[in-house]
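Note sheet for the following structure.
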Number of protein chains: 2
Amino acid sequence: MSEKNVLSDFKPDGHNHEACIDTALATASTVCRERGLRLTPLRQRVLELVWQQHMPVGAYDLLDALRSDGRRADPPTVYRALEFLLENGFVHRIESLNAYVGCGEPKHAHSAQFLICGNCNRVAELEDPAISQIISEKADGLGFRISQQTIEVTGLCGECREHAPA
Amino acid sequence: MSEKNVLSDFKPDGHNHEACIDTALATASTVCRERGLRLTPLRQRVLELVWQQHMPVGAYDLLDALRSDGRRADPPTVYRALEFLLENGFVHRIESLNAYVGCGEPKHAHSAQFLICGNCNRVAELEDPAISQIISEKADGLGFRISQQTIEVTGLCGECREHAPA
DNA sequence: TCGCTGATGTTATACTATAACAACAAGGTG
DNA sequence: CACCTTGTTGTTATAGTATAACATCAGCGA
């Protein structure tokens, strides 16, 4: 039961990361086709860059990467691509880091929770109804109508906890 | 029971806001005396400015306000004051807004949750153990050791929901 | 072909935050 | 009192994040 609500766990160093990227791009392609969205080469490339690691990446890092591609790029280029990817659920924004991370489950809208390791910077994405629901209940009790939940938890992932104890 | 975990509810327009400010400043003064912290005039003034409304305020708004006082001020002035106030629990930072809000209960460290009205911008601060605990449990289950929780919920407060329905 | 729409290019600027060093104030110690 | 230490504030400069505004271009349907 413990894994059921984990959309994306902390990935070990040795995992097949090419597969992660491929899956993310394939899913995005499928979803865009289904919804009539245009996954342009730029948007696809930015999504691929976001998925280069399982950790949040800053907009200006993406910008540098686009320039490394040889492409002329300025801030609006990457921010507009991110806007598209955010709106359609392909990436999430980590507010506490001003950074962006690939979404582990872009096929449906969801309220996610993030565990962010302060040591290795990797991120796990949860979609735990119990968390969302209790927050919704408390908000309801105060007459508050929720439109968005931002839940970001920082700390140490299991691996880093072992290597950097106490 | 519904009010028990609310450190600071949405304040109606007509409330005695002078009392809010006075209480916040008096509490800060007491806490600083107890802990051997120096609540300098600058820090006290920044805290007072943060408490001018029950909504998050940006660092540069505080900077402008300090300048309106006739004080010479530059960004580090306000950021250092905020750093002191944050470290010692007198204000909270709202990550999703890059803004700061007075803490409703600075006498003890706590993990707070914020409800942020997107219409009137007012903020309610909760300290709900049920929310903290369920997140802690889920994190524990993944081997994650929490150091900080950022929980910011945006939506419409009860009052705005009535006036701007649907 | 024309005109519409959405995407991208391009320039400029706004907003948020910190680094680094100087000056100063207060308290302790010789 | 002189001196030093520590913490706070002053000051200049710069880093980092994001958007406004307008130009251009590509694709598609009338």
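Protein chains get the first letters and strands the later ones, always in sequence-line order, with residue 1 at the start of each.
- Within the 4.0 Å cut-off from OP1 or OP2 of dA18(D), at least one side-chain nitrogen or oxygen of Y100(A) is found.
- Taking atom CG on D64(A) and atom P on dT17(D), their separation rounds to 11 Å, with Å as the unit.
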>> Generate the contact string for nucleotides 21-30 of chain D. Rules: B means base contact, S means sugar-phosphate contact only, - means no protein heavy atom under 4.0 Å.
In response: B---------
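- In this structure, CG of L37(B) is placed 18 Å from P of dT6(D), rounded to the nearest angstrom.
- The nearest whole Å value for the distance from the CD atom in Q44(B) to the P atom in dT9(D) is 12 Å.
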> Checking side chain to side chain contact (heavy atoms under 4.5 Å, CB included) for the pair V46(B)/V91(B): CA distance, chi angles, key distance, verdict?
Replying inline: CA-CA 10 Å; V46(B) 171; V91(B) 305; over 6 Å; no
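- Between the CD atom of E83(A) and the P atom of dT19(D) there is a distance of 8 Å, given to the nearest Å.
- Salt bridge annotation for K107(B)-E105(B): absent, with no cationic side-chain nitrogen under 4.0 angstrom from a carboxylate oxygen.
- Phosphate proximity of dA18(D) to Y79(A): present, with a side-chain N or O under 4.0 Å from OP1 or OP2.
- Counting to the nearest Å, the P atom of dT9(D) and the CG atom of L85(B) are 10 Å from each other.
- Checking N98(B) against R71(B), the closest nucleotide of DNA chain D that is more toward the 5' end is the one next to R71(B).
- Put simply, I94(A) and M55(A) are part of two different groups of oily side chains (I, L, V, M, F, W, Y) that touch within less than 4.5 Å, one to the next.
- Taking atom CG of L66(A) as the reference point, atom P of dT8(C) lies 11 Å away to the nearest angstrom.
- Here dA25(C) presents its P atom at 15 Å from CG of L42(B), a figure rounded to the nearest Å.
- Under 4.0 angstrom from either OP1 or OP2 of dT9(D) there lies no side-chain N or O belonging to T77(B).
- Between the side chain of Y60(B) and the base of dA14(C), no donor-acceptor pair under 3.5 Å is found.
- Toward the 5′ end of DNA chain C lies the nearest nucleotide of P41(A), the other residue of the pair P41(A) and A59(B) mapping further downstream.
- Ring-plane geometry between H17(B) and H15(B) is classed as perpendicular, the angle between the planes exceeding 60 degrees on a 0 to 90 degree scale with a lower cut at 30.
- Distances were taken from every side-chain heavy atom of R43(A) (C-beta onward) to each of dA7(C), dT10(C), dG10(D); the shortest belongs to dA7(C).
- Among the nucleotides dT9(D), dA18(D), dA17(C), the one closest to the side chain of T40(B) is dT9(D).
- Across the protein-nucleic acid pair, L97(A) atom CG and dT16(C) atom P stand 18 Å apart, rounded to whole Å.
- Residues that satisfy the ring-ring contact (aromatic ring centres under 6.0 Å, His included) test with F144(A), not counting sequence neighbours, are F10(B).
- Each of D74(B) and A99(A) lies near DNA chain D, and the nucleotide nearest D74(B) is the one positioned closer to the 5' end.
- Taking only side-chain atoms of P75(A), from C-beta outward, the nucleotide of dT19(D), dT11(D), dG10(D) with the closest atom is dT19(D).
- Aromatic ring orientation, H108(B) versus H110(B): tilted (interplanar angle from 30° to 60°).
- With respect to the salt-bridge test (charged N to carboxylate O, under 4.0 angstrom), the residues D74(A) and R67(A) qualify.
- The existence of a salt bridge linking R45(B) and E48(B) is confirmed by a sub-4.0 Å separation between a basic side-chain nitrogen and an acidic carboxylate oxygen.
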